[in-house]
Amino acid sequence: MSTTADAGASTGHRPDSGAWLHGVVREVDPAALAGLVGMDGRDVRAVRSAGLVAVVSDAPLAEYGEEPLRRKLEDLTWLEGAARAHHGVVEALSRTGAVVPARLATVHRDTDRVAAVLADRQAELAVALDRLTGRTEWGVKGYVVPGATAPEEEQSATGGGGAGAAYLRRRRAQLTAREQGQRVAAETAATVHDALAQYAVAARRHAAQDRRLSGAPTAMVLNGAYLVDVSTLDGFTELVRMLAGRHPQVRLELTGPWPPYSFVADRPAAEAHTVREPAW
């Protein structure tokens, strides 16, 4: 879904001076922005309004207007590089404090529009920043461990009927064990997620990634995101370790810290043309 800024409004800026929005913070030290590189290798800068700061990259509308941007988004190589550049800025901001990340490819017509969004949405953005302060996002992925479940399902290959019947029995036993293993792994993933969600401030369970994306040799059964208080991080990581030992049917992988992509329900994209970002 996309919306376009009002082209007819007078902004006092060049008509081609778009702004790619990376994220919103309460304040940022100019020195922290000095070494950051945004889109197309351009410097990032701060736009201040209503007690908030938006961090943006220049995005000329000849290249990043709605139609040119749609064409760019069809180029997967470009999209991958754009996502990496966008994330690099958001990640750097998250190391300095709470940040509300913008959707990937949120482009405003000019910085006046960015400032207007900060003013219009000051209250909800301030609430979001308060909620994220002192907290980070952590990911826990779970993968099926073949052969770690349901040994009782294995069936003997011996018996009457000859070699053909024995083969069919072995094959049936393998299929039964695999189905049982997948079922137990799915139940285990739900149990692990529930335990982690009770410990975290907030939790989200994303769709499992295909093996082509995860790069793992076995199926993913858990793709969880957890908002964790920094002060309780040691306890959270210990809980992950304990759950991994308790449930050998699933291999758990802890990743993070991440910017809080999963815990910003409505990111600051008003009056901008945007696209839906890929899953992180």
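- Residues that satisfy the side-chain contact (heavy atoms from CB on, under 4.5 Å) test with Trp138, not counting sequence neighbours, are Thr136, Val228, Leu233, Phe236, Leu254, Pro257.
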Donor-acceptor pairs are to be reported for all side-chain atoms of residues 48-57 against protein atoms at under 3.5 Å, with residues two or more places apart or in another chain.
| unit_1 | atom_1 | unit_2 | atom_2 | d |
| --- | --- | --- | --- | --- |
| Arg48 | NE | Glu27 | OE2 | 3.4 |
| Arg48 | NH2 | Glu27 | OE2 | 2.8 |
| Arg48 | NH2 | Val28 | O | 3.3 |
| Ser49 | OG | Ala115 | O | 3.0 |
| Ser57 | OG | His22 | NE2 | 2.6 |
| Ser57 | OG | Met39 | N | 3.3 |

- Message: Apply side chain to side chain contact (heavy atoms under 4.5 Å, CB included) to residues Val240 and Val192 and explain how you reach the verdict.
- Response: CA-CA 8 Å; Val240 174; Val192 168; over 6 Å; no
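- Judged by distance alone, the side chains of His247 and Thr191 never bring a donor and an acceptor atom under 3.5 Å apart.
- Going from atom OG1 of Thr96 over to atom CD of Glu91 covers 12.0 Å, rounded to the nearest 0.5 Å.
- At a threshold of 4.5 Å between non-hydrogen side-chain atoms, the residues Arg246 and Thr188 do not count as touching.
- Residue Val89 is not grouped with residue Trp258 when hydrophobic side chains (ILVMFWY) are merged at heavy-atom distances under 4.5 angstrom, including chains of intermediate members.
- In this structure, NE2 in His108 is found 12.0 Å from CG in Leu61, a value given to the nearest 0.5 Å.
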- Given Glu238 and Arg241, is the side chain to side chain contact (heavy atoms under 4.5 Å, CB included) satisfied, shown in steps? CA-CA 5 Å; Glu238 175 61 20; Arg241 187 199 65 77; 2.5 Å; yes
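- Residues forming a side-chain hydrogen bond (donor to acceptor under 3.5 Å, both in side chains) with Glu253 (at least two apart in sequence, or on another chain): none.
- Taking hydrophobic clusters as Ile, Leu, Val, Met, Phe, Trp and Tyr residues chained together by side-chain heavy-atom distances below 4.5 Å, Val107 shares a cluster with Trp78.
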- Task: May I have the step-by-step check of side chain to side chain contact (heavy atoms under 4.5 Å, CB included) for Trp20 and Val114, ending in yes or no?
- Result: CA-CA 9 Å; Trp20 178 295; Val114 176; over 6 Å; no
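- For Glu67, the side-chain contact (heavy atoms from CB on, under 4.5 Å) partners are Arg70, Arg71, not counting sequence neighbours.
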Review item, side-chain donor-acceptor pairs of residues 194-202, under 3.5 Å, at least two apart:
| unit_1 | atom_1 | unit_2 | atom_2 | d |
| --- | --- | --- | --- | --- |
| Tyr199 | OH | Thr232 | O | 3.3 |

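- In this view, Ala208 and Met220 satisfy the side-chain contact (heavy atoms from CB on, under 4.5 Å) rule, not counting sequence neighbours.
- The side-chain hydrogen bond (donor to acceptor under 3.5 Å, both in side chains) test with Tyr226 singles out one residue from Arg135, His193, Arg205, and that residue is His193.
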